[in-house]
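Encoded as structure tokens, the structure appears first; notes follow it.
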Amino acid sequence: MLKNIQIIEKSSGHIVTEYPIIIVELEELTDEEHCNEAWELAVEEGLVNEINRDDYDIEVVGSFTSDN
């Protein structure tokens, strides 16, 4: 399964980045944990300021299986 996670700047509605995350069947991570991983990637890539997380929405915008 594939999930897309978007990080959106609240003030402008601008999509800062979108990360596809491949979900392994036996994986037990929650959507919140995947959103946290996406946030950490965006921080590492310099796309967002770590101390301003409240300025962004982080959302799962789609889930797709290989059957889609």
Side-chain angles (χ1 to χ4, degrees):
M1 182 189 319
L2 176 73
K3 291 185 177 187
N4 288 320
I5 305 207
Q6 288 183 346
I7 299 178
I8 304 161
E9 186 177 41
K10 288 180 182 178
S11 63
S12 67
H14 172 74
I15 298 171
V16 176
T17 190
E18 182 172 319
Y19 294 108
I21 296 180
I22 298 171
I23 310 300
V24 180
E25 285 185 37
L26 299 176
E27 188 174 274
E28 296 181 10
L29 294 178
T30 65
D31 282 350
E32 182 178 355
E33 291 169 316
H34 287 295
C35 288
N36 289 338
E37 287 181 0
W39 175 257
E40 290 176 19
L41 282 172
V43 169
E44 288 175 16
E45 293 176 358
L47 300 173
V48 296
N49 185 332
E50 184 174 17
I51 62 173
N52 295 331
R53 186 168 176 163
D54 290 340
D55 294 343
Y56 300 89
D57 284 322
I58 305 169
E59 304 173 352
V60 176
V61 294
S63 294
F64 308 95
T65 62
S66 60
D67 296 339
N68 289 349

Closest non-hydrogen atom pair between I7 and A38, with its separation: CD1-O, 3.7 Å
In I58, L41, V16, the residue satisfying side chain to side chain contact (heavy atoms under 4.5 Å, CB included) with V48 is V16
Value rounded to 0.5 Å, distance of OG1 in T17 from CG in L47: 5.5 Å
Pick out which of I22, V61, V60 makes a side chain to side chain contact (heavy atoms under 4.5 Å, CB included) with K3. V60
Single-linkage hydrophobic cluster, 4.5 Å side-chain cutoff, V43 and I15 together: no
Do Y19 side-chain atoms and H34 backbone N/O form a donor-acceptor pair below 3.5 Å? no
What are the two closest heavy atoms between I8 and Q6, and how far apart are they? CD1-OE1, 3.6 Å
Decide yes or no on side chain to side chain contact (heavy atoms under 4.5 Å, CB included) for N36 and R53, but give the supporting numbers first. CA-CA 10 Å; N36 289 338; R53 186 168 176 163; 2.7 Å; yes
Side chain of K10, backbone of D57: donor and acceptor closer than 3.5 Å? no
